[in-house]
Amino acid sequence: QVQLVESGGGLVQAGGSLRLWCEASGRTSSSSARGWFRQAPGKEREFVAAISGSGSSTIYADSVKGRFTISRDNAKNTVYLQMNSLKPEDTAVYYCAARPTVFTSKDSRQYNYWGQGTQVTVSS
């Protein structure tokens, strides 16, 4: 079994920054691809960013491109999401996910392990 634990959420003013991180434990490869997704109240879960097993490849949703950066430290089995220039529309529960391959994906159905989520609230 694989456990993913997200941390770093909170309340921030528009234009501010937050850094999320997701630590994996259990029977997981430190080089599995990881993704961040988010879900706002009344909306479907949406893709935010993903990173390949080696960290050499990253993909982003258009809505966060240029503002968010995903990175990873395989020695610590941890993935990070640096969020800058935050907007009220970024308010959501952010989830970390892992898939059993090194390749990235925007499709949530390709991820088989999920964390419990961390709340990010951006005030205007």
Side-chain angles (χ1 to χ4, degrees):
Q1 188 69 330
V2 175
Q3 294 81 40
L4 300 174
V5 179
E6 303 97 336
S7 301
L11 173 65
V12 64
Q13 288 189 329
S17 298
L18 279 176
R19 190 189 197 202
L20 307 182
W21 62 96
C22 170
E23 186 173 3
S25 61
R27 299 184 62 182
T28 180
S29 168
S30 62
S31 61
S32 64
R34 303 274 195 90
W36 286 97
F37 294 79
R38 66 187 182 187
Q39 188 166 17
K43 295 186 177 181
E44 293 187 352
R45 190 172 297 188
E46 64 174 0
F47 169 76
V48 176
I51 188 166
S52 64
S54 66
S56 62
S57 177
T58 57
I59 52 174
Y60 296 92
D62 288 343
S63 59
V64 306
K65 202 172 292 184
R67 300 187 299 121
F68 291 10
T69 302
I70 188 171
S71 61
R72 66 188 298 158
D73 183 340
N74 284 351
K76 297 181 179 179
N77 221 347
T78 300
V79 173
Y80 306 92
L81 185 68
Q82 178 66 43
M83 305 185 295
N84 299 329
S85 302
L86 282 161
K87 305 175 181 179
E89 51 264 44
D90 293 318
T91 295
V93 177
Y94 283 70
Y95 297 91
C96 173
R99 62 189 302 246
T101 175
V102 300
F103 303 109
T104 58
S105 174
K106 295 183 177 181
D107 186 352
S108 63
R109 296 169 298 179
Q110 299 297 320
Y111 292 81
N112 53 341
Y113 296 110
W114 292 83
Q116 293 299 307
T118 185
Q119 176 71 47
V120 171
T121 303
V122 184
S123 63
S124 57

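Counting from 1, the numbers follow the sequence of the chain as shown.
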Identify the two heavy atoms, one from R67 and one from S85, that lie closest to each other, and give their separation to 0.1 Å.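 Answer, listing the atom of R67 first, then S85: NH1-O, 2.9 Å.
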Measure across K76 and T78 and return the closest heavy-atom pair with its distance rounded to 0.1 Å.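 Reported closest heavy-atom pair: O-OG1, 2.9 Å.
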Under the 3.5 angstrom rule, does the side chain of R72 hit a backbone N or O of G55 as a donor-acceptor pair?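 Such a contact is absent between R72 side chain and G55 backbone.
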S56 side-chain N/O to S54 backbone N/O, donor-acceptor pair under 3.5 Å: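 Pair absent, no side-chain N/O of S56 close to backbone of S54.
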What residues form a side-chain hydrogen bond (donor to acceptor under 3.5 Å, both in side chains) with E23, not counting sequence neighbours?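 E23: no side-chain hydrogen bond (donor to acceptor under 3.5 Å, both in side chains) contacts found.
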Tell me, please, which residues at least two apart from K65 pass side-chain hydrogen bond (donor to acceptor under 3.5 Å, both in side chains).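 Applying side-chain hydrogen bond (donor to acceptor under 3.5 Å, both in side chains) to K65 gives D62.
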With hydrophobic residues grouped by side-chain heavy-atom distances under 4.5 Å, do [X] and [Y] end up in a single group?
X    : Y    : answer
W114 : V120 : no
Y60  : L20  : yes
Y95  : F47  : yes
W21  : I70  : no

Do [X] and [Y] touch side chain to side chain, with heavy atoms closer than 4.5 Å?
X    : Y   : value
I51  : W36 : no
V102 : S52 : no
V64  : R38 : yes
N77  : R34 : yes

Checking side-chain contact (heavy atoms from CB on, under 4.5 Å) for the pair Q119/T91: CA distance, chi angles, key distance, verdict? CA-CA 8 Å; Q119 176 71 47; T91 295; 4.0 Å; yes
When the ring planes of Y94 and F68 are compared, do they come out parallel, tilted or perpendicular, using 30° and 60° as the limits?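 Ring orientation of Y94 relative to F68: tilted.
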What orientation do Y111 and F37 show, parallel under 30°, tilted 30 to 60°, or perpendicular over 60°?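 Answer is perpendicular, since the angle exceeds 60°.
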Just verifying a value: how many Å separate Y80 OH and T69 OG1, rounded to the nearest 0.5 Å?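 Those atoms lie 14.0 Å apart.
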For residues 4-19, please give each side-chain donor-acceptor pair under 3.5 Å, one per line with the distance, not counting sequence neighbours.
residue : atom : partner : partner atom : Å
E6      : OE1  : Q116    : N            : 3.1
E6      : OE1  : G117    : N            : 2.9
E6      : OE2  : C96     : N            : 2.8
E6      : OE2  : G117    : N            : 3.2
S17     : OG   : N84     : OD1          : 2.9

